[in-house]
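Taking it in order: structure first as structure tokens, then the write-up.
Position 1 is the first residue of the sequence; numbering continues from there. Predicted model, so just to flag it, every value in this text is computed and none were measured.
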Amino acid sequence: SDGKGYKILVVDDDPKAVEVVALRLDAMGSRVLRAYSGQDAIDIARRELPDVIVLDLMMPEISGFDVVAALSETPETAGIPVLVVTAREITDADRARLTGSVAAIMEKGSFNPEDLTSEVRRAMAGRKVLV
């Protein structure tokens with residue numbers, strides 16, 4: 001799939017980071033939803049049921065970890081693939097918290113737009129296109 005017809009939620013408390021990712025996903029032909037806090041992410045995900053979520057971990061008040069936990073609590077959102085894109089150095093404990101709940105973890109320091117596109121496509125493989 002080239003990304004056409006998919007809804008992707010991009011979550012980061014840094015609007016510039018959201019736009020960098022959103023521009024790449026727009027180029028794939030996806031419909032991009034934007035959230036600038038953990039609570040917005042939870043609310044939008046529950047309302048819109050995106051096909052995939054690109055999520056920052058380090059946000060004030062409600063972190064990306066909290067978002068993943070909240071989404072896993074309801075059947076409607078538990079199956080949404082989550083791609084973590086973070087500046088945080090991921091520890092073994094972090095990986096353990098996220099295992100089984102996220103499709104991939106990417107570090108902002110080595111962020112590559114082509115890798116993001118590949119991971120989004122991989123996460124959406126087999127999902128139904130909503131045109």
Side-chain angles (χ1 to χ4, degrees):
S1 168
D2 61 1
K4 287 183 173 42
Y6 288 103
K7 281 193 291 190
I8 303 174
L9 174 58
V10 179
V11 185
D12 198 310
D13 60 314
D14 178 356
K16 289 180 184 172
V18 169
E19 289 310 310
V20 166
V21 173
L23 283 172
R24 184 66 187 184
L25 299 175
D26 279 339
M28 290 176 63
S30 300
R31 178 173 161 226
V32 180
L33 308 170
R34 293 160 174 84
Y36 303 100
S37 72
Q39 188 61 58
D40 283 348
I42 294 165
D43 294 343
I44 293 169
R46 288 180 176 160
R47 183 177 66 244
E48 297 286 335
L49 299 175
D51 295 292
V52 67
I53 298 171
V54 179
L55 176 68
D56 181 33
L57 288 179
M58 296 172 54
M59 294 183 289
E61 297 176 29
I62 297 177
S63 72
F65 291 105
D66 299 327
V67 172
V68 169
L71 296 179
S72 69
E73 292 173 0
T74 61
E76 297 82 16
T77 55
I80 300 171
V82 177
L83 303 176
V84 169
V85 179
T86 185
R88 177 185 175 120
E89 186 173 322
I90 301 297
T91 66
D92 290 340
D94 292 337
R95 285 189 192 283
R97 282 176 74 184
L98 296 171
T99 296
S101 299
V102 301
I105 300 171
M106 304 176 71
E107 293 184 16
K108 286 182 181 176
S110 58
F111 184 76
N112 179 328
E114 287 77 29
D115 290 346
L116 173 68
T117 302
S118 296
E119 290 297 340
V120 167
R121 286 189 177 125
R122 185 180 354 261
M124 291 190 298
R127 291 184 68 88
K128 182 180 172 190
V129 177
L130 303 172
V131 179

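Within the 4.5 Å cutoff, no side-chain heavy atoms of Glu48 are placed close to those of Leu9. Annotation: side chain of Leu25 is in contact with side chain of Val54 (closest heavy-atom distance under 4.5 Å). Side-chain contact between Tyr6 and Val52 is absent, with no heavy atoms from C-beta onward closer than 4.5 Å.
To the nearest 0.5 angstrom, Asp56 atom CG is 11.5 Å from Ser37 atom OG. Between the CZ atom in Arg95 and the CD1 atom in Ile105 there is a gap of 4.5 Å [rounded to 0.5 Å]. Between atom CG of residue Leu49 and atom CG of residue Leu33 there is a gap of 10.5 Å, rounded to the nearest 0.5 Å. In this structure, Thr117 OG1 and Arg122 CZ are separated by 11.5 Å, a value rounded to the nearest 0.5 Å.
At least one donor-acceptor pair under 3.5 Å links the side chain of Asp94 to the backbone N or O of Thr91. Between the side chain of Asp51 and the backbone N or O of Lys7, at least one donor-acceptor pair lies under 3.5 Å.
Residue Val67 forms a side-chain contact (heavy atoms from CB on, under 4.5 Å) with just one option from Ile53, Val84, Val11, Ile62, and that option is Ile62.
Sorted by first then second residue, the side-chain hydrogen bond (donor to acceptor under 3.5 Å, both in side chains) pairs that include residues 70-79, not counting sequence neighbours, are Thr74-Thr77. Applying the side-chain hydrogen bond (donor to acceptor under 3.5 Å, both in side chains) definition to pairs two or more places apart or across chains, those involving residues 8-18 are Asp12-Lys108.
Here the closest heavy-atom approach between residue Val120 and residue Met28 is recorded as CG1-CE, 3.9 Å. Residues Arg34 and Val18 approach most closely at CG-CG1, 3.5 Å, considering heavy atoms. The nearest pair of heavy atoms linking Ala35 to Ile44 is CB-CD1, 3.9 Å. The two residues Gly64 and Leu55 make their nearest non-hydrogen contact at O-CD2, 3.5 Å.
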